[in-house]
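Letters A, B, ... are given to chains in the order of the sequence lines, protein chains preceding strands, and every chain is numbered from 1.
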There are 2 protein chains.
Amino acid sequence: MPATQEDVARLAGVSRKTVSNVVNGFPHISKDVATRVGAAILELGYTPNHAARSLRTGRTGTIQLVVPELEVSYFAELAQWVVAAAEERGLSVLIRQTRGDRERERLALEGASGEATDGTILSPVSSDLAAIVSRKSQAPVVLVGEVAGGGMLPHIGIDNEAAAYAATQHLIRSGRRRVGFIGAQRGQMSHMARMRRDGYERALRDADLVVDERLVRYTDGYHRREGAAALRDLAATDLDGAFCATDLLALGAIRAARDLGIDVPVDLAVVGIDGLDEGEYSVPRLSTVAPDKNRIATRAVERLLEAIDTQAEGGTPRDGSEEVVGFELVQRESSS
Amino acid sequence: MPATQEDVARLAGVSRKTVSNVVNGFPHISKDVATRVGAAILELGYTPNHAARSLRTGRTGTIQLVVPELEVSYFAELAQWVVAAAEERGLSVLIRQTRGDRERERLALEGASGEATDGTILSPVSSDLAAIVSRKSQAPVVLVGEVAGGGMLPHIGIDNEAAAYAATQHLIRSGRRRVGFIGAQRGQMSHMARMRRDGYERALRDADLVVDERLVRYTDGYHRREGAAALRDLAATDLDGAFCATDLLALGAIRAARDLGIDVPVDLAVVGIDGLDEGEYSVPRLSTVAPDKNRIATRAVERLLEAIDTQAEGGTPRDGSEEVVGFELVQRESSS
DNA sequence: TTGTAAGCGTTATCAA
DNA sequence: TTGATAACGCTTACAA
């Protein structure tokens, strides 16, 4: 049976409220009382009861991170930064996986775990999430990656069109003329997939190259396996460059190319997006467009915290503004 | 302002307790009352208040997963399985990262977040954690991976010695005679590092090969970078095989070998441990000893749940028994 | 500077 | 089968 404030108060010979003051670092406490209470706390091994505290304050000190799946390295790296940024601000992070499932996504926001947290950082699977915005007076949500909710929710991410443009342009500048596209999407065309595709096409047009549908493939998810399958499918064409919507797809594509005797980068140049650590050590090393993941995570946590505070003060949360984070084109061996 | 049981009770014309009964699926409720309450809940958009419920019940419905860092793919994959297994049992997972830091590890168990969860699945950084066991009547802990607490805590993991033996033996059988070891550890020799090293040595001895300290390197952490550095360091020797304590170290080693013009597997055969998805698509594909990660995660969640229930019923938790999970030697291109 | 009283939303106990 | 009442441990008025 853990000790309560009551126990500490009794042992220290003060009132419960005084213990509370000491615990919360309330300013006006006499030296004598402070040390007495401190000693009692130590002796009893008292820890404030989290549930009682949040029942009273309405805050849990926990935020939720909802991603498709941690097995996809981008989300693991993002999660790492989110957990770190949250820790710096005294917050804990609850992680949920949607596996690209709408129902799981909805549950994460409306179900019990939404109630157990102060707010959510969501990497949505699809842009069609009217449901997200229509939630009545629930905890705040900040979007990361995919855009959703029709621009009604705050969103942190890179300029996907520009990132795709940079990647494709890089391939063209390295002398490729038949540049293909391997894009990830769940279900129907997502906003992110469309942006990356748009950037790809604009880069082609700017270089006076034609957009050839035969060089374009879509995958259901983000796994290496799917990138490999897409490339095998493209191998019959005269492809000499491949812009992949994510690094994992690119790494899968490189593996498949290798199996088919296609030399990367000689026969085929490959560029991805994500800036995974894995691409720095792959064979060949992967050229990529690296978003500032640390910044995305940090800003997402900050924005969420702002929204939580605003709502707590009864204010109306700032409506969904877009926040664009930088990226960097990293040229490595897969595209030289 | 979210609706409370009180509001629902008023609208449905029943008492608060009745609403509680309906919400918790209590057996004896008249059809009529149930539907009336159900309608009221829907109309008001009522969700049970998590804090109040856990204050009352003493349960949070959340468990903690404490790992060194999610950026290390093994932990990301493990986390994925833990989150999935927890979800199946109606639990949420709070993730904390220790970054190999003792203080963070201690805080995760004793600090506020320990109070916010029903129990902890811990992947400790070192075996020297007397502190873990000496915690007074705190929430239960189940260990995963590294052993700690002097066998006083339940532990789920593979037989590290046998896994290392299998990996090393495989290298020897493929004709290697100068097999090196690249091992991960934080600070002083961890229990896991020692077990893996023991298995490595036993396999050498069983094949009448000598253990040569010059072929052994230790890294501080688990990153590709460190595996690469270790291999560069070993390159001056006559090494023809390398057993790496983790897949990430192995992948780093392969990259470094490549850079030095060492052909894997012709000049150097490499085997890791972890069974990462990454190794299935790397160039060359990575031979590995794959633990049943799903089972480790599932059993850890189950054991933790058992311990939580036992403690809730006032029983003394079953003492730290070891639970061994299977592994599989996966032969791929890096060691043929 | 400290103490007293009240209540956060829920479930457990016990009567009705 | 349902309802009243009392906690759970804490913080926030307000009073001393």
Give a yes or no on whether a salt bridge exists between [X] and [Y], defined as a side-chain N under 4.0 angstrom from a carboxylate O.
X	Y	result
D292(A)	R299(A)	no
R96(A)	E105(A)	no
R16(B)	D7(B)	no

Just checking, any donor-acceptor pair under 3.5 angstrom between side chains of Q97(A) and E69(A)? no
Taking atom types as modelled, find out whether T18(A) and S15(A) have a side-chain donor-acceptor pair closer than 3.5 angstrom. yes
Please determine whether a side-chain nitrogen or oxygen atom of T18(B) lies at a distance below 4.0 Å from atom OP1 or OP2 of dT2(D). no
Looking at CG of L107(B) and CZ of R102(B), how far apart are the two atoms once the value is rounded to the nearest 0.5 Å? 14.0 Å
Give, for atom CZ of R99(A) and atom CD of E87(B), the distance between the pair rounded to the nearest 0.5 Å. 8.0 Å
Describe, as an angle rounded to 10 degrees, how the axis at the first end of the helix from dT1(C)-dA16(D) to dA16(C)-dT1(D) is tilted relative to the axis at the last end, five pairs per end. 30°
Separation of [X] atom [atom1] from [N] atom [atom2], in whole Å?
X	N	atom1	atom2	result
L55(B)	dC10(D)	CG	C1'	8 Å
N49(A)	dT10(C)	CG	P	17 Å
L44(B)	dG9(C)	CG	P	14 Å
R10(B)	dG3(D)	CZ	C1'	16 Å
H50(B)	dG9(D)	NE2	P	16 Å

Okay, side chain of D118(A), backbone of I63(A): is any donor-acceptor separation there less than 3.5 Å? no
Letter by letter from the 5' end, nucleotides 11-16 of chain D scores (B base, S sugar-phosphate only, - none; protein heavy atoms under 4.0 Å) BB----
